Each structure stands twice: as structure tokens, then as C-alpha cells.
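Accompanying notes for the structure given below.
Indexing begins at 1, ligand by ligand and atom by atom, following the structure's order. No experiment lies behind these values; they were computed from the predicted model shown.
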Amino acid sequence: MNKIAVVGAGISGLSMANYLEKHTIDYHIYERRRKEDLAGHGFLIPHEGMDYLSQIIDRSQLLENGSFLKKYIQYSHTGKILAEKELDHVFAISRHSLINLLTQNISPEKISYEETVTPCDKEKGRLKKSDGTYIDADIAIISDGSKSRIRRDLFKDEKMRQVRENEVVNIIHNKEIADSIENDFMKFHHEEGGLTFGILKLSHDTILWYSQFDNEKYNIGEYTTEDLRSYMLEIFTEWDPLVTSILNKSTYENIHLWCVYELENLNPFYKDNIVFIGDAAHPLIPFTSQGVTSALKDSAALTKHLVNEKITTEAFSKYEAERKPEVEIHIHNGRTLLNQFLLPLNQQSPNILPISYK
Ligand SMILES: Cc1cc2nc3c(=O)[nH]c(=O)nc-3n(C[C@H](O)[C@H](O)[C@H](O)COP(=O)(O)OP(=O)(O)OC[C@H]3O[C@@H](n4cnc5c(N)ncnc54)[C@H](O)[C@@H]3O)c2cc1C
């Protein structure tokens, strides 16, 4: 097998490494951040994603680090139940825990942290490290996230646009709040549309809460931690007491504002010896809850074709043919969910689960 470089140690890069390990294929990962900084917030992972994760992580360890959600409960912002739906094995886990689980099977010498990889101006298709030396690899698997610099360099005509939705996300460690809520996925919706508050229990003492808002209607402006805290406390004052009490009892050191981007049209998933996986190949908006599952499926499919095909471009072409049609369905579903979110509540389809299924 050829020498493989993986760029980015997020969920895509690490899951790719786990599949390569399973097939005893050698590789090296380059990650621009420090190991301690790879935290983030959390994920909803549908059933299928758990099946893929169980191929590379011991299932009992997964279950120890997150929790299955029982029901999706949709509320109005004042707390009236609008719809309830049993969830079919939807799992919630913090990004920090999932990254740790995916890293444990990779020997430390196979990952270089604080190593930013950039495209080489002089020689197209070659990649270089922070010190200017070339990456020595026959195949480069790019998993550097939705704003992939390497992708933008290769496909200069691509159009990225900001989605009409931002998210404020926070993780809090508070056993009292965690004990007060069931393992349900609760989501409160403003009657006028374009504003929600969601609550997920990630473990016995950890809660993830998030607000999705229409960025044409709500403008946070400058956003320090204190700005985000004040914004949340102000906007949600009149909401259901559960929402306001969680906001009042929360600490805010983990709060973050996410601006969401999408590609107007997908690029090819590969060019020459460079292949893209996860958000670098296909940014998916958070409404789909399919980012992690898609990253896992990309890694599994790419590994399978690299193992089965002698010619690398054949493997890449089969990988793209297998994955692109499904990703396009999620992009379409994500746009539908976004449009619903922007509508007043009485015009939204009832019981819409914020997960895209193919
Ligand atoms: C607010 C929000 C909520 C979400 N909720 C969910 C959810 O509930 N369920 C779900 O499945 N998905 C969700 N997603 C999507 C999910 O986070 C991603 O799809 C998933 O994490 C896959 O990411 P990735 O590994 O492809 O990219 P990333 O997580 O972005 O990782 C890319 C990595 O590459 C590194 N990197 C970047 N550039 C370079 C470089 N030049 N050189 C070296 N390293 C580099 C970065 O530091 C990073 O570690 C959500 C996303 C957002 C923004």
C-alpha cells in the first residue's frame, strides 16, 4: 500500500485512521491544533452512526461516555408540548469524549500536533508542513473541516455561503441540572420561527444546550463570552422556566458561537492523489445531525476501495460514486429543515425531527 498522509484530527481524520489501523495500512496524521485544544461541544448520532462507530470503538466504552436519548419533545417557547416522538437509538456524546475514544487506538508517533498543512504554491498538488518541507506521501486524505484551505486552493471556483442560521452552543457540568432532566431531547421553539433552544443530556453530570437563531433577525454583533451570556439571558427571559433556570445556573466558559457555512455546489471529492472526506468534502449543516455519521461512512468506504483497488484513482472514483448521492440527500434535507425553522411555528410541518434520514 502507498504512503498515506491524513490532514486533520477531527472526527473524520481520526475515524479514517481507525479504519486504516484495522486494515494495518500505514499512515501519518497532521493536526494544526494542540492535542489539549481538540475539545468542542457534542453530537447527536443516529443509529447508523453508532453501527459504524461500533466497528472501530468498543461499544461498551461508547456507552460509558454518552447516552441514548429516549424521546424527542418539541415545545413552544412557553413550554406547551407540540409533539413527541420516540427516538430510534439516537446517541448523544461530547466531542471531547468521542475524540478521546477515537485517539486511543492510534499510537502517538502517528500524529503530529501543531502541524498546519498548506497547499504548495509552486508545485500544484503537493502539500507542505509548517517548516516549509513537503509532506512525503503518495496519497493525501484531507479532513481539515468545512472551510478546508486545501479544497479551496484546488477548486478555486467554489462558492461558499453563510447559512441563515447561527448557533450558540454551551456545555455545562452540573449534576443538579442533569438529574432534573430525563434522557429526552427537548427543543423549545419561538412562535414566530427562527429561534430555538435545545437541551441534551450527554452524561450523568453533563448537559449540552444550544440556541439556533435566524441571523437576519437576531444580531449578536461582537461576541465575547460575556456578550453571549448577556444575549442568552436577555433573549430567553420570557421562555419556559426550565430554559431560564438552566441559563441562570449555567457557567459560560465553554460557550461558543458557530457561524454555519455551506457549499453552493459540491466539488469533486478528489483530484490527482488528494481525496477529501467529512466536512472538507461536504459541509453539512447542523440541522441534519449527519456530520459524524457521514464522516464515518466516508472513512469506511474510502478504506474499502483503497484495499480493493490497485489503482488509486479507481479507489477514489468508487468512493465518490458511493458517497456523493447520499450526501446530496442530506444537503437537500438540511435545506428543507432550515426553511422549516425559519417559518412561524404554525406554518411548520408538525413533529419535524431535527435529523436527516436518507
Ligand atoms: C454547531 C454545530 C453542531 C453540530 N451538531 C452535530 C450533531 O449533532 N451531529 C453530527 O453528526 N454532526 C454535527 N455537526 C457536524 C460535525 O461537527 C462535523 O460534521 C464532524 O465533526 C466532522 O468533522 P470533520 O472531522 O470533518 O471536521 P472538523 O471537526 O472541522 O475537523 C477538522 C480538523 O482539521 C484540523 N485542521 C484544519 N485545517 C488544518 C490544516 N491546514 N492542517 C492541519 N490540520 C488542520 C482542525 O484543527 C480540526 O481538528 C455540528 C456542527 C456544528 C458547527
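- Close contacts of ligand 1 with Ile11, meaning ligand atoms under 4.0 Å from a residue heavy atom, involve 21 (O), 25 (O).
- Close contacts between ligand 1 and Gly291 involve ligand atoms 10 (C), 11 (O), 12 (N), 19 (O) [criterion: under 4.0 Å to a heavy atom].
- Considering both main-chain and side-chain atoms, Ser12 comes within under 3.5 Å of ligand 1 through a nitrogen or oxygen pair.
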For the pair Asp298 and His282, evaluate side-chain hydrogen bond (donor to acceptor under 3.5 Å, both in side chains) and give the outcome as yes or no after the intermediate values. CA-CA 10 Å; Asp298 288 355; His282 46 69; 2.6 Å; yes

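- Counting the atoms of ligand 1 from 1 in the order shown, those under 4.0 Å from a heavy atom of Glu115 are 42 (N), 43 (C).
- Using a 4.0 Å cut-off to heavy atoms of Leu44, the atoms of ligand 1 that qualify are 7 (C), 8 (O), 9 (N), 10 (C), 11 (O).
- When each of Val7, Ile4, Leu14, Leu20 is checked for a side chain to side chain contact (heavy atoms under 4.5 Å, CB included) with Ile29, only Leu14 meets the rule.
- Close contacts between ligand 1 and Val292 involve ligand atoms 10 (C), 11 (O), 12 (N) [criterion: under 4.0 Å to a heavy atom].
- When the options Glu31, Arg33, Lys147 are ranked by their closest heavy atom to atom 48 (C) of ligand 1, first place goes to Glu31.
- Aromatic ring orientation, Tyr218 versus Phe213: perpendicular (interplanar angle above 60°, classes split at 30° and 60°).
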Could you go through the side-chain hydrogen bond (donor to acceptor under 3.5 Å, both in side chains) check for Ser112 and His28 one step at a time? CA-CA 8 Å; Ser112 303; His28 193 86; 2.6 Å; yes

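- Each of Tyr210, Trp239, Trp209 was compared with Phe197 under the ring-ring contact (aromatic ring centres under 6.0 Å, His included) criterion, and only Trp209 meets it.
- Taking every heavy atom of Val7 and a limit of under 4.0 angstrom, the matching atoms of ligand 1 come to 42 (N), 43 (C).
- A cation-pi arrangement, defined by a distance under 6.0 Å to the six-membered ring centre and an angle within 45 degrees of its axis, is present between Arg126 and Tyr134.
- Contacts of Trp258 with ligand 1, taken as heavy-atom pairs under 4.0 Å, involve the side chain alone.
- Classified by interplanar angle (parallel below 30°, tilted 30° to 60°, perpendicular above 60°), the ring pair Phe188/Tyr75 is parallel.
- With a heavy-atom cut-off of 4.0 Å, Tyr30 touches ligand 1 through its backbone alone.
- The heavy atom nearest to atom 32 (C) of ligand 1, out of those in Ala295, Ser143, Ser15, Gly278, is found in Ser143.
- Those atoms of ligand 1 that come under 4.0 Å of a heavy atom in Asp279, given as number and element, are 18 (C), 19 (O), 22 (C), 23 (O), 26 (O).
- The shell of residues lying under 4.0 angstrom from ligand 1, judged by heavy atoms, includes Thr116.
- Distances between N or O atoms of Gly13 and those of ligand 1 include no value under 3.5 Å.
- Tested against Tyr270, the residues Phe155, Phe316, Phe276 include a single ring-ring contact (aromatic ring centres under 6.0 Å, His included) partner, Phe316.
- Ranked by closest heavy atom to atom 40 (C) of ligand 1, the top entry among Val260, Ile29, Val117, Val168 is Val117.
- Between the side chain of Thr293 and the backbone N or O of Gln290 there is no donor-acceptor pair closer than 3.5 Å.
- For atom 29 (O) of ligand 1, the nearest non-hydrogen atom from the set Arg32, Gln290, Glu167, Arg95 belongs to Arg95.
- More than 12 heavy-atom neighbours from other residues, nucleotides or ligands sit within 6.0 angstrom of CD on Glu109.
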